[in-house]
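On a predicted model such as this, the values are computed, not experimentally measured, just so you know. Proteins come first, then strands; the chains are lettered A, B, ... in the order of their sequence lines, and each starts at number 1.
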2 protein chains.
Amino acid sequence: MGNPPLGGDLSRLRQLNALSTIRALRGSAPATLSALSARTGLSRPSLKEVVGELTSLGWVEEVPPTSGGMGRPARRYRFRADRGHLVGIDIGAHNVRAALSNLDGTVLAETRQAVVPETPVRERMEAIGRAVGGCLALTGLTMADVWTVAVGTTGIVTPEGVVTYSAGIPAWTGLDLAGLLGAMFPCEVLIENDSRLAALAEARRGVARGARDVVFLHVGRRMGTGLIIDGKLHRGFGAAAGEIVMLPQARWFDAPDHLNNCPVVPEGTPVEDAASHTLAAARDGDPAALAAVERYVDDLAVGVAAIVLVLDPEIAVLGGGFSRSADVLLPPLRRRLEAVCLRMPELRASTLGDECVVFGAIDHAVDHLDRQLFTADSGTSLPVPLTRDAVSRS
Amino acid sequence: MGNPPLGGDLSRLRQLNALSTIRALRGSAPATLSALSARTGLSRPSLKEVVGELTSLGWVEEVPPTSGGMGRPARRYRFRADRGHLVGIDIGAHNVRAALSNLDGTVLAETRQAVVPETPVRERMEAIGRAVGGCLALTGLTMADVWTVAVGTTGIVTPEGVVTYSAGIPAWTGLDLAGLLGAMFPCEVLIENDSRLAALAEARRGVARGARDVVFLHVGRRMGTGLIIDGKLHRGFGAAAGEIVMLPQARWFDAPDHLNNCPVVPEGTPVEDAASHTLAAARDGDPAALAAVERYVDDLAVGVAAIVLVLDPEIAVLGGGFSRSADVLLPPLRRRLEAVCLRMPELRASTLGDECVVFGAIDHAVDHLDRQLFTADSGTSLPVPLTRDAVSRS
DNA sequence: GTTACTAATGAAGGACTCCATCACAAGTGA
DNA sequence: TCACTTGTGATGGAGTCCTTCATTAGTAAC
């Protein structure tokens with residue numbers, strides 16, 4: 001019943017071994033044939049042929065040997081991560097961030113464009129264009145060098161890339177983002193919810209690196225979650241997973257008000273800065289602020305407990321704007337969870353900060369590339385990027 | 001970083017193709033070489049060799065050809081599902097059920113032993129032995145024919161097979177079930193929570209067949225859940241996934257009381273039969289019973305909504321004792337969920353009934369066999385069951 | 001009964017991929 | 001200069017898969 005091909009041809013075996021070699025090579029220092037042989041389990045002669053093929057295809061290149069060791073210096077090879085590039089975009093209410101990376105996921109350039117929640121669609125799209133253009137300018141590249149654009153945005157995104165609802169960017173609701181961005185970039189475009197990408201970033205390069213089951217909690221003016229299950233981003237059947245915000249008993253929608261409406265917030269403070277006053281005062285031991293934090297965490301903990309009880313993750317990561325005050329938030333949150341949870345997950349604060357979502361977008365694009373490589377069925381050769389011709393009808 | 005071997009040897013390719021052939025053959029009618037060739041993508045000559053090897057290893061056998069078609073009758077082959085057997089056990093508070101199946105998961109015999117929640121450990125173990133012995137007697141087999149025993153039990157089970165807590169079977173708490181059953185059966189023993197196995201059964205052979213993300217809700221005197229995520233049983237990092245019962249806001253612990261303490265329940269009814277009176281009365285339109293059902297579903301819906309919002313499953317299955325009254329429970333539950341859920345999953349009632357858990361145990365054992373087959377690294381030959389010598393020290 | 005057609009069988013030859021092995025090469029250190 | 005270490009390159013062999021084609025065993029029509 002719908003099982004993947006699994007085995008197959010001789011050429012399939014070669015392909016699998018080539019991919020295995022790429023995996024062994026990617027994300028690590030240049031390696032010798034012997035080292036690769038040990039890592040992949042292939043014999044030296046076979047590996048040599050595989051590496052030769054990968055070199056001629058442009059995936060691998062030789063680097064000068066090191067000197068100073070015993071014996072004959074070995075030839076060293078490295079993955080040509082600069083062969084293609086990936087772009088990650090974070091479309092937020094107040095900022096549009098872009099990052100450009102190589103195929104490894106190593107970020108080469110980052111830019112930011114300030115916007116406001118009310119920025120109309122056209123202007124926001126232009127900001128996106130400027131953010132990406134800035135990354136290209138910084139690196140001297142063009143869009144032709146970009147294989148994939150991955151986008152994270154606030155709001156609920158369908159599997160087809162349509163934003164069904166966005167509280168943070170009102171004009172976004174109902175927008176066919178995949179369509180607009182697809183017309184804008186002559187390559188593949190992936191759209192995903194921003195908290196999910198943040199979760200991915202934490203699981204790949206953040207404080208949850210290596211964990212298979214991770215819950216990411218975006219705490220800030222808006223609440224959001226992202227789930228990594230069995231090492232993979234979990235979207236759910238209708239791409240609506242993690243939307244515990246909707247649960248009335250969790251009271252997540254109004255939870256930030258506890259921090260905003262605290263007496264310690266100076267008169268006339270804009271609402272977006274209010275919470276940080278409260279959190280800072282709580283750190284200094286102000287009783288009113290501490291009480292507000294307790295009420296906030298009271299509400300927060302219900303939803304977190306629900307997620308943790310359902311999934312039993314290894315690690316829960318606190319991210320988003322308020323996570324800068326994780327030292328204030330984590331102890332009371334931990335206390336409440338310990339009272340309820342059957343098994344307490346590790347609680348950690350994000351260290352990736354504001355770049356969390358762009359990094360996650362990059363990682364999402366890397367994953368996508370991986371999937372493309374591994375489901376490659378196009379004959380014997382490895383896949384090359386789909387360079388979709390932009391807007392050419394005659 | 002810890003990636004599986006992936007490619008490998010020539011023999012690995014043959015192994016993959018052999019497994020692919022087994023998959024194509026298993027669970028379907030006897031097939032001809034041409035049909036298998038189409039299904040696996042292998043050429044006829046290769047397939048012939050693979051089938052020959054599998055035949056000599058005892059995994060496949062030839063069956064008489066059919067007559068009546070055009071052309072030369074093709075030789076037909078079938079998977080020898082009777083080559084080994086699997087046992088599934090459901091250890092409940094009031095019943096111990098056992099089932100015996102072939103490697104296909106086709107159930108050949110079932111038995112049941114009545115117990116009570118207070119039955120001491122030794123007697124319960126004896127009941128387990130009798131239940132399994134009954135299955136063997138019904139089929140004329142011995143334990144030597146059984147490759148794997150999979151067990152589902154009420155309570156929280158660690159990955160090592162120790163029951164840390166069981167409300168349904170008090171004596172079970174703290175028990176090293178894997179140790180006891182491992183000494184009892186001379187083969188591999190898998191221990192799992194019963195609701196999880198029920199979820200698996202529904203996803204494999206029940207009303208959720210084919211769905212990748214499934215939530216199983218056991219509603220009865222005790223509440224429990226099982227999650228299928230991406231087609232696999234989800235345990236969580238500490239095997240504590242799905243324990244939303246613990247969430248105070250969900251009020252699942254006391255929810256059944258609404259049904260038990262309804263005025264329509266006749267005086268002196270034992271507590272285990274009370275709810276069915278209420279549910280039956282509700283079906284007949286009794287106002288007090290209907291109100292009780294509404295209160296019950298009120299509580300139920302909070303936890304269900306939490307699970308659904310977190311995971312966004314394709315299907316939610318209602319099972320357990322009360323699911324016989326799914327016609328009464330589902331409409332109000334659906335109403336409440338629709339008010340909260342971002343995307344409404346399909347709600348269905350289990351049709352597997354009391355055998356749900358044993359079936360799930362069988363399916364769990366089949367999955368385990370599959371994993372063994374696919375991670376087989378023992379040279380070129382396919383794995384054979386581990387016939388652990390029972391208690392032989394000299 | 002004979003002939004045409006269909007579908008599967010079995011065997012031969014060729015191509016590809018992997019492995020083990022061995023002589024040789026290019027360094028270091030005494 | 002010599003021993004030692006480590007990597008390179010080439011050869012031969014084994015295993016697996018594919019394509020192709022003559023052959024076989026049935027059915028259907030005449």
Side-chain angles (χ1 to χ4, degrees), chain A residues 5-22 24 30-57 60 62-78 377 379-382, chain B residues 5-22 24 30-57 60 62-78 377 379-382:
Chain A
L6 197 63
D9 210 340
L10 273 301
S11 62
R12 171 70 176 161
L13 183 60
R14 163 59 66 96
Q15 192 187 27
L16 288 175
N17 282 332
L19 291 169
S20 187
T21 306
I22 286 185
T32 68
L33 283 187
S34 305
L36 287 176
S37 181
R39 258 185 262 177
T40 60
L42 273 72
S43 72
R44 268 184 48 87
S46 308
L47 200 59
K48 187 170 135 56
E49 204 157 336
V50 169
V51 168
E53 186 182 328
L54 289 174
T55 304
S56 72
L57 284 171
V60 164
E62 193 175 343
V63 296
T66 54
S67 59
M70 291 285 272
R72 177 175 178 171
R75 305 169 72 167
R76 287 154 63 231
Y77 302 90
R78 71 174 193 89
D377 47 0
T380 160
S381 68
L382 287 168
Chain B
L6 198 63
D9 209 340
L10 274 299
S11 60
R12 171 69 175 162
L13 183 61
R14 162 58 67 97
Q15 192 186 28
L16 289 175
N17 282 331
L19 291 169
S20 188
T21 306
I22 286 185
T32 68
L33 284 186
S34 306
L36 287 175
S37 180
R39 259 184 261 177
T40 59
L42 273 71
S43 72
R44 269 184 48 87
S46 307
L47 201 59
K48 188 172 135 57
E49 206 158 333
V50 169
V51 169
E53 186 181 329
L54 289 174
T55 304
S56 74
L57 285 171
V60 165
E62 194 175 342
V63 296
T66 53
S67 60
M70 290 284 271
R72 177 175 176 167
R75 305 170 71 166
R76 287 154 65 230
Y77 302 89
R78 71 176 194 88
D377 46 2
T380 160
S381 68
L382 287 168

Choose from [options] the nucleotide whose nearest atom is closest to any side-chain atom of [X].
X       : options                : answer
B:Arg44 : C:dT9, C:dC18, D:dC17  : C:dT9
B:Pro73 : D:dG15, D:dC17, D:dG26 : D:dG26
B:Ser34 : D:dC18, C:dA8, D:dT8   : C:dA8
A:Leu10 : D:dT16, C:dT9, C:dC19  : D:dT16
B:Pro45 : D:dT20, D:dC17, D:dA25 : D:dT20

Next item on the list: Name the residue closer to the 5' end of DNA chain D, choosing between A:Leu33 and B:Ser46 according to the nucleotide with the nearest heavy atom.
Entry: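 The residue mapped nearer the 5' terminus is A:Leu33.
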Margin query: Between A:Ser34 and A:Ser37, is there a side-chain donor-acceptor contact under 3.5 Å, judged purely by atom types and distance?
Written below: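 The answer is no; no qualifying pair exists.
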Notebook entry, point to check: Taking all non-hydrogen atoms of both residues, which atom of B:Val51 and which atom of B:Val60 are closest, and how far apart?
Noted result: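 Closest approach of B:Val51 to B:Val60: CG1-CG1, 4.2 Å.
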Notebook entry, point to check: How close do B:Ala18 and B:Leu54 get, heavy atom to heavy atom, and via which atoms?
Noted result: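 Between these two residues, the closest heavy atoms are O-CD1, 3.9 Å.
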Next item on the list: Report yes if a side-chain nitrogen or oxygen of A:Asn17 is closer than 4.0 Å to either non-bridging phosphate oxygen (OP1 or OP2) of C:dT17; otherwise report no.
Entry: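 Negative; the distance criterion is not met.
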Next item on the list: Respond yes when some side-chain nitrogen or oxygen of A:Lys48 is under 4.0 Å from OP1 or OP2 of D:dG9, and no when none is.
Entry: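 True: A:Lys48 side-chain N/O within range (under 4.0 Å) of D:dG9 OP1/OP2.
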Notebook entry, point to check: When all nucleic acid strands are considered with a 4.0 Å heavy-atom cut-off, which category describes A:Arg75: base, sugar-phosphate, or nothing?
Noted result: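 Since only primed, P, OP1 and OP2 atoms lie under 4.0 Å of A:Arg75, the category is sugar-phosphate.
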Check: Do A:Arg14 and A:Glu49 have side-chain heavy atoms sitting under 4.5 Å apart?
Finding: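 The answer is yes, as the side chains (C-beta and beyond) meet within the 4.5 Å cut-off.
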Check: Has the side chain of B:Arg72 got a donor or acceptor atom sitting under 3.5 Å from an opposite partner on the base of D:dT24?
Finding: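 Indeed, a donor on one side and an acceptor on the other fall under 3.5 Å apart.
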